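First the structure, in the form of structure tokens, and then the observations on it.
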Amino acid sequence: MIADVVREDLPWQHLLTYLEACVRVYNQFGRRDNKFKARIKILVKALGIDEFRRRVDEEWAHLKDGPQTLNQAAVDAAKGHFPEPDRRPVAENATEVFDQLRAENRSFARFVTNNVTDHKVPGYKAVTLSLKRREHAPGDVTADQMEAVADLADRYSFGEVRVTHEQNLVLSDVPVDELEALWQELESLGMANPTVGTLNDIICCPGGDYCSLANAVSIPIAQALQERFEDLDFLYDLGPLDLNISGCMNACGHHHVGHIGILGVDKKGEEFYQISIGGNSTDDASLGKILGPSFFRSDVPDVVEKVLEVYVAQRHEDERFLDTYRRIGLKPFKERVYA
Ligand code: SF4
């Protein structure tokens with residue numbers, strides 16, 4: 001289910017007490033007795049958001065303005081744990097030089113377009129290190145590579161590396177005039193794959209290769225798809241596309257919010273895959289809709305290809321996959337896949 005808004009415009013001073021009230025309501029009325037129903041979302045669904053909100057407000061009346069109320073000193077103390085890095089000023093002509101390098105080197109330009117994000121501080125960029133290589137499980141990195149990344153972080157980004165839920169790494173503070181040198185080093189490490197945000201940037205849970213809860217394997221599906229759809233021009237033509245894979249309903253691979261979602265299911269001890277489309281995890285979140293009966297493992301790349309064919313045939317100029325799906329609905333995809 002998609003989350004409901006329980007409270008708009010809560011003043012920051014009351015954040016902790018209000019959240020505590022939410023948890024108290026869950027502790028009091030939620031299904032902690034049943035491990036399959038021990039989720040706050042189950043309680044919200046059972047009560048409805050209005051009743052849940054009413055009970056929270058009732059509980060909050062006992063906590064509001066109490067000792068857990070935040071003040072500026074507490075916020076400042078927390079902020080003190082996240083100091084801004086000591087950024088050096090970049091050369092005045094750094095951006096010009098950077099633009100020129102992009103113009104001269106197509107590979108670097110592709111990397112910048114897909115893996116580099118603007119920064120709030122002029123002269124700096126955030127760089128995504130792709131952990132999506134066909135020969136490895138999505139998100140996997142070797143100990144040697146991680147040592148190398150730590151070294152790169154020290155030299156290029158104030159010793160800080162972030163891990164994203166898309167299973168990549170981010171160096172968050174890279175000066176523009178060092179981007180090209182960083183890209184060269186990432187190339188030699190195999191972490192400069194310029195496919196961030198494309199179909200190839202698959203989120204994939206460990207699935208049946210590692211997880212005892214799995215209904216089916218996930219990693220070989222990701223690898224088969226990466227092999228089928230590896231042409232960069234094709235990927236760029238498709239534009240932004242999230243493909244997420246989970247090996248069971250626990251949804252660690254977030255399949256239900258992938259533009260294309262793949263879920264491993266078990267049918268009488270055999271592995272099958274259910275495919276959904278139209279999920280989205282950004283502000284206008286939506287859950288994917290299931291195309292129909294599930295598929296054999298070997299059919300999955302063909303099914304995804306058919307889904308993409310419908311998109312390419314039906315899209316308006318510059319229309320994203322998700323927007324095309326929202327405009328035309330599930331039917332054309334279903335008709336093509338099950339024809
Ligand atoms: S989604 Fe299921 S199979 Fe995949 S890691 Fe989570 S529990 Fe395991």
Side-chain angles (χ1 to χ4, degrees), residues 1-3 30-45 130-143 145-146 162-169 196-229 241-282 285-301 303-304 307 322:
M1 62 184 273
I2 304 280
R31 295 295 309 276
R32 285 214 185 262
D33 59 312
N34 179 332
K35 71 174 179 179
F36 297 108
K37 295 188 175 177
R39 311 275 190 283
I40 203 163
K41 67 179 180 182
I42 304 275
L43 178 65
V44 172
K45 194 168 183 186
S130 170
L131 302 184
K132 309 297 167 65
R133 293 151 300 148
R134 184 151 47 94
E135 59 279 16
H136 292 272
D140 268 18
V141 60
T142 66
Q145 282 176 318
M146 209 57 223
R162 298 183 187 182
V163 179
T164 70
H165 90 274
E166 290 95 354
Q167 301 174 317
N168 292 313
L169 300 173
V196 172
T198 70
L199 176 69
N200 217 297
D201 193 15
I202 295 170
I203 296 178
C204 175
C205 83
D209 290 302
Y210 298 99
C211 176
S212 60
L213 301 174
N215 287 328
V217 294
S218 305
I219 294 167
I221 299 290
Q223 288 170 327
L225 291 169
Q226 284 171 331
E227 187 174 351
R228 174 73 66 95
F229 305 110
L241 224 164
D242 297 341
L243 191 150
N244 300 352
I245 309 174
S246 304
C248 79
M249 270 313 282
N250 286 325
C252 303
H254 305 183
H255 66 278
H256 51 314
V257 288
H259 301 159
I260 300 175
I262 301 178
L263 167 67
V265 291
D266 176 283
K267 283 189 183 174
K268 296 183 183 156
E270 265 198 82
E271 291 182 348
F272 281 84
Y273 295 88
Q274 191 180 74
I275 297 188
S276 54
I277 55 176
N280 180 36
S281 62
T282 58
S286 52
L287 298 179
K289 288 223 165 74
I290 297 166
L291 267 179
S294 48
F295 303 93
F296 291 119
R297 173 169 158 181
S298 55
D299 291 337
V300 172
V303 172
V304 172
V307 167
L322 186 64

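Atoms within a ligand are numbered from 1 in the order they appear, just like the ligands themselves. Note that the structure is a prediction, hence the values are computed from the model and not measured.
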Could you give me the CA-CA distance, side-chain angles and deciding distance for Phe272 and Phe295, then say whether ring-ring contact (aromatic ring centres under 6.0 Å, His included) is met?
-> CA-CA 5 Å; Phe272 281 84; Phe295 303 93; 9.3 Å; no
Could you tell me which non-hydrogen atom of Cys204 sits nearest to which non-hydrogen atom of Pro138, and how far apart they are?
->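 Closest approach of Cys204 to Pro138, heavy atoms only: CB-CG, 3.7 Å.
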So which pairs with a foot in residues 196-214 pass salt bridge (Lys or Arg N to Asp or Glu O under 4.0 Å), sequence neighbours left out?
->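 Only Lys132-Asp201 qualify under salt bridge (Lys or Arg N to Asp or Glu O under 4.0 Å).
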Closer than 2.8 Å to atom 6 (Fe) of ligand 1, how many protein N/O/S atoms do you count?
-> 1
Would you check if Ile219 and Asp140 make a side-chain contact, meaning some heavy-atom pair closer than 4.5 Å?
-> no
Would you say the side chains of Asn280 and Thr282 form a donor-acceptor pair under 3.5 Å?
-> yes
Could you tell me whether a side-chain N or O of Asp242 sits under 3.5 Å from a main-chain N or O of His259, the two making a donor and an acceptor?
->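 Flag not set: sc Asp242 to bb His259 has no pair under 3.5 Å.
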